[in-house]
Number of protein chains: 2
Amino acid sequence: MRISTRGEYGVRAMFDLAIHYGQGPISLKTIAERQLVSEHYLEQLMAALRRAGLVTSKRGAQGGYELADSPEQIRIGDIIRVLEGPITPLDCLDVSTKTGPYCGQPEQCVLRGLWKSLQDSMEQVLDNTTLEDLRQDAFRLKVAENR
Amino acid sequence: MRISTRGEYGVRAMFDLAIHYGQGPISLKTIAERQLVSEHYLEQLMAALRRAGLVTSKRGAQGGYELADSPEQIRIGDIIRVLEGPITPLDCLDVSTKTGPYCGQPEQCVLRGLWKSLQDSMEQVLDNTTLEDLRQDAFRLKVAENR
DNA sequence: TCAATTCCAACGACTTTACTCGGAATTGAT
DNA sequence: ATCAATTCCGAGTAAAGTCGTTGGAATTGA
């Protein structure tokens, strides 16, 4: 029931881009240093996010990455799906790969309700949180810190 | 964000035991055949469930496994924790392994709120469903089937 | 021109997953 | 007493996934 470092680092990187949204492209090196993750590894994750259209990139000196959309338009679920695949506890629930409604056995249909509830509750959290929400959390935390 | 076959088969097996609760020990062979899973593999899972005290076993002819408690006393979360480990999207949220409240960086504390919400929503589903709930779902499904 | 940067493809060590295999110990039925 | 059914136990294993690293080509602003 874990997300891997792909999802974890990816969300961290996107969060970083959200915090610095509107300040021009941010280089991988900067993000990697601030978020304490391997630069080359993060590069792979950013490539996936770029291909998925969540970030734009600019090559060369002073290049880097930017959010392709404003932070309130990007849901955490969008990021996780790109980096971890469909959000589902069991493959058979994923519409793109499911073989049939009963997975072969009618009995499993009973359990299907359970797994579906689990999936729904996960998606509910992940799709109702945007980068803007996290940005505001960070802001509030900083204010509280300085008091 | 998946559970492995350990959790999936384990819940299937426990569900099977719940359906036949009170009918004496059920053999691995029977469960494996009904639930279409490998008998030897299931054996490992049952061993873990036995060591955790969720089932009792009886060796020898006419032996097998039984729920250690009535179906309404066994939560799906209990089963998953035994077979998959703590229910948490990130290790740093797990109290038994966490290194500190901020995982090193204060910024992560922002994301921590997100991951904690996700964890809570998963545990809420898994700990509020018991084997008895599934048993009743199965019963209702069967009634509907025969109409 | 050059340093900074993204882009790309491959490799590798390690862990996990999902089993299989072989056999010892136990037990109810005959 | 024997035997078949069954749990119990430890090891092995092939494939996939995780978490990176390595090396270099292409692009771009100063």
Side-chain angles (χ1 to χ4, degrees), chain A residues 1-13 17 24-68 80 82-86 89-92 97, chain B residues 1-13 17 24-68 80 82-86 89-92 97:
Chain A
M1 299 301 301
R2 312 287 156 83
I3 62 162
S4 69
T5 55
R6 287 177 63 86
E8 183 190 353
Y9 295 176
V11 170
R12 294 241 292 267
L17 291 183
I26 313 285
S27 76
L28 258 187
K29 194 181 173 191
T30 306
I31 303 172
E33 276 168 7
R34 278 201 292 243
Q35 301 297 325
L36 299 176
V37 302
S38 148
E39 189 178 337
H40 272 294
Y41 185 41
L42 191 54
E43 190 184 320
Q44 292 177 24
L45 310 184
M46 294 309 287
L49 293 168
R50 175 175 48 79
R51 283 190 293 265
L54 295 185
V55 299
T56 57
S57 61
K58 192 172 184 191
R59 300 177 74 163
Q62 270 66 48
Y65 294 89
E66 280 183 281
L67 295 185
I80 297 291
V82 168
L83 297 173
E84 305 261 343
L90 245 53
D91 276 335
C92 74
T97 59
Chain B
M1 299 304 299
R2 312 287 156 83
I3 62 161
S4 69
T5 56
R6 287 178 63 87
E8 184 191 352
Y9 295 176
V11 170
R12 294 239 293 267
L17 291 183
I26 313 284
S27 75
L28 258 187
K29 195 181 172 191
T30 306
I31 303 172
E33 275 169 9
R34 277 201 292 244
Q35 300 298 324
L36 300 176
V37 302
S38 150
E39 190 178 335
H40 272 296
Y41 185 42
L42 191 54
E43 191 184 318
Q44 294 176 21
L45 310 183
M46 294 310 288
L49 293 168
R50 175 175 48 79
R51 283 189 293 264
L54 294 184
V55 298
T56 57
S57 61
K58 192 172 184 192
R59 299 176 76 162
Q62 272 64 50
Y65 295 88
E66 281 183 280
L67 295 185
I80 298 290
V82 168
L83 298 172
E84 305 262 343
L90 245 53
D91 276 334
C92 74
T97 59

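In what follows, every chain begins at residue 1, and chains take the letters A, B, ... in the order their sequences are listed.
Spacing between atom CD of B:E43 and atom P of C:dG23 amounts to 15 Å, rounded to whole angstrom units. In this structure, A:H40 places its NE2 atom 14 Å from C1' of C:dC11, rounding to the nearest Å. Atom C1' of nucleotide C:dC7 and atom CG of A:L28 are separated by 10 Å, given to the nearest angstrom. Taking atom CZ of A:R2 as the reference point, atom P of D:dG17 lies 19 Å away to the nearest angstrom. The distance from atom CG of A:L42 to atom P of D:dT21 is 12 Å, rounded to the nearest whole Å. If you take CE of A:M1 and P of C:dT17, they are 13 Å apart, rounded to a whole angstrom. With rounding to whole Å, B:E39 atom CD is found 7 Å from D:dT7 atom P. Put simply, CD on A:E66 is 12 Å from P on C:dT6, counting in whole angstrom units.
In terms of polar N and O atoms assigned as donor or acceptor, the side chain of A:Q44 comes within less than 3.5 Å of the base of D:dT21 in a complementary pairing.
Within residues 51-62 of chain A, the residues having any heavy atom closer than 4.0 Å to DNA chain D are, in order of number, A:K58, A:R59, A:G60, A:A61, A:Q62.
Here D:dA30 sits opposite C:dT1 as a Watson-Crick or G-U wobble pair (both hydrogen-bonding atom distances under 3.5 Å). Pair assignment for C:dT20: D:dA11, on the basis of Watson-Crick or G-U wobble contacts that are both within less than 3.5 Å.
B:S38 places a side-chain N or O within donor-acceptor distance of the main-chain N or O of B:Y41, the cut-off being under 3.5 Å. Side chain of B:R6 to main chain of B:L83: a donor-acceptor pair is present (N/O by atom type, distance under 3.5 Å, no hydrogens or angles). A side-chain donor-acceptor contact under 3.5 Å links B:S27 to the backbone of B:T30.
To the nearest 0.5 Å, atoms CZ (A:R2) and CD (B:E84) are separated by 9.0 Å.
Within the 4.5 Å cutoff, side-chain heavy atoms of A:V55 are placed close to those of A:M46.
Nearest approach of B:I3 to B:E8, heavy atoms of both residues: CD1-N, 3.7 Å. Of all the heavy atoms in B:Q35 and B:R12, the pair that sits closest is O-NH2, 2.5 Å.
Between C:dA4 and A:S27, no contact under 4.0 Å exists linking OP1 or OP2 to a side-chain N or O. Between A:R50 and C:dC7 there is a side-chain N or O to OP1 or OP2 distance below 4.0 Å. Using a 4.0 Å cut-off, some side-chain N or O of B:S4 falls inside it from OP1 or OP2 of C:dA18. A close approach under 4.0 Å does not occur between any side-chain nitrogen or oxygen of B:Y9 and OP1 or OP2 of C:dT17. An OP1 or OP2 oxygen of C:dA18 is reached within less than 4.0 angstrom by no side-chain nitrogen or oxygen of B:S38.
Residue B:T5 places its side chain closer to C:dA18 than to any other of D:dC19, D:dT21, C:dA18.
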